[in-house]
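Encoded as structure tokens, the structure appears first; notes follow it.
Side-chain atoms are counted along with the backbone in the values below, which use heavy atoms only and exclude waters and symmetry mates. Atoms within a ligand are numbered from 1 in the order they appear, just like the ligands themselves.
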Amino acid sequence: MSLLTELHTEIEGCKNCELARHRTKVVPGEGPEDARLLFIGEAPGWNEDQTGRPFVGQAGQYLDQLIGMIGYKRSQVFIANVIKCRPPENRDPMPGEIMACSKWLERQLDLIKPRVIVTLGRFSMAKYFPGDTISKVHGRSKRIGGIIYFAMYHPAAALHQGNLRRVIEADILKLPAVLAEAGKMEEEKERPAQLNLF
Ligand code: URA
């Protein structure tokens with residue numbers, strides 16, 4: 001069993017907050033263990049709670065389309081959430097729930113080691129762009145250590161506010177350049193080691 005599968009089994013048994021009493025299934029996330037590109041949503045909704053899989057409802061179908069727009073398949077990226085269990089009535093996650101759940105996301109990131117992390121919506125944005133607002137920071141990236149963070153509106157926002165579709169689609173089209181920058185960073189990291197061979 002891989003370390004990530006073991007971690008997901010651990011997450012599935014989590015009872016660290018009240019949400020454990022309301023959930024049908026835990027939704028740890030899914031994707032390749034070595035994904036370079038990783039998306040972080042907010043929390044599972046009804047469909048995700050039923051299936052145990054992230055982004056499988058309407059917002060998920062739109063996310064799949066967005067991923068397709070940059071030439072990727074869903075199976076090539078990792079999809080996670082800030083919160084692993086559905087909040088009742090799809091209410092916003094509470095600060096205590098976010099805190100109780102944060103170690104799981106951190107452990108996932110430690111194992112997967114993505115190069116680019118896309119935050120979807122304000123809850124995942126708040127983790128990596130503290131003090132910013134989504135209306136200002138969407139479509140922008142920032143580098144911290146070896147990871148580039150890129151902020152986007154949540155795909156569900158376009159389902160409620162049709163005019164955001166264009167903004168979201170313009171933002172996702174910036175990702176290939178961000179991925180290329182991440183690729184260059186990786187090459188630079190490897191270069192001194194290659195020189196040492198001679
Ligand atoms: N919205 C999210 O933020 N995450 C999901 O998994 C589904 C919908």
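Considering backbone and side-chain N/O of Ala59, none are found under 3.5 Å from N/O of ligand 1.
Using 4.0 Å as the threshold, Arg53 has no heavy atom nearer than that to any atom of ligand 1.
Counting heavy atoms only, Asn81 comes closest to atom 6 (O) of ligand 1 of the residues Ile83, Asn81, Val56. Atom 2 (C) of ligand 1 has its nearest heavy-atom neighbour, among Pro54, Gly41, Ala43, in Ala43.
Crowding of Met69 atom CE: a count of heavy atoms from other residues, nucleotides or ligands under 6.0 Å exceeding 12. The local environment of CZ in Arg166 is sparse, with at most 12 non-hydrogen atoms from other residues, nucleotides or ligands closer than 6.0 Å.
Residues Leu109 and Ile117 are in side-chain contact: their nearest non-hydrogen atoms beyond the backbone lie under 4.5 Å apart. When side chains are defined from C-beta on, Met125 does not count as touching Tyr149, because their heavy atoms never get closer than 4.5 Å.
With a heavy-atom cut-off of 4.0 Å, Ala156 does not touch ligand 1 at all. Looking at Glu48 against ligand 1, only its side chain comes within 4.0 Å, counting heavy atoms.
No donor-acceptor distance shorter than 3.5 angstrom exists from the side chain of Lys127 to the backbone of Thr119, with no hydrogens or angles considered.
Within ligand 1, counting atoms from 1 as listed, the ones closer than 4.0 Å to a heavy atom of His154 are 1 (N), 2 (C), 3 (O). Interface atoms of ligand 1 facing Glu42, defined by a heavy-atom separation under 4.0 Å, are 2 (C), 3 (O).
Residues Phe55 and His154 place their aromatic rings such that the two centres sit under 6.0 Å apart.
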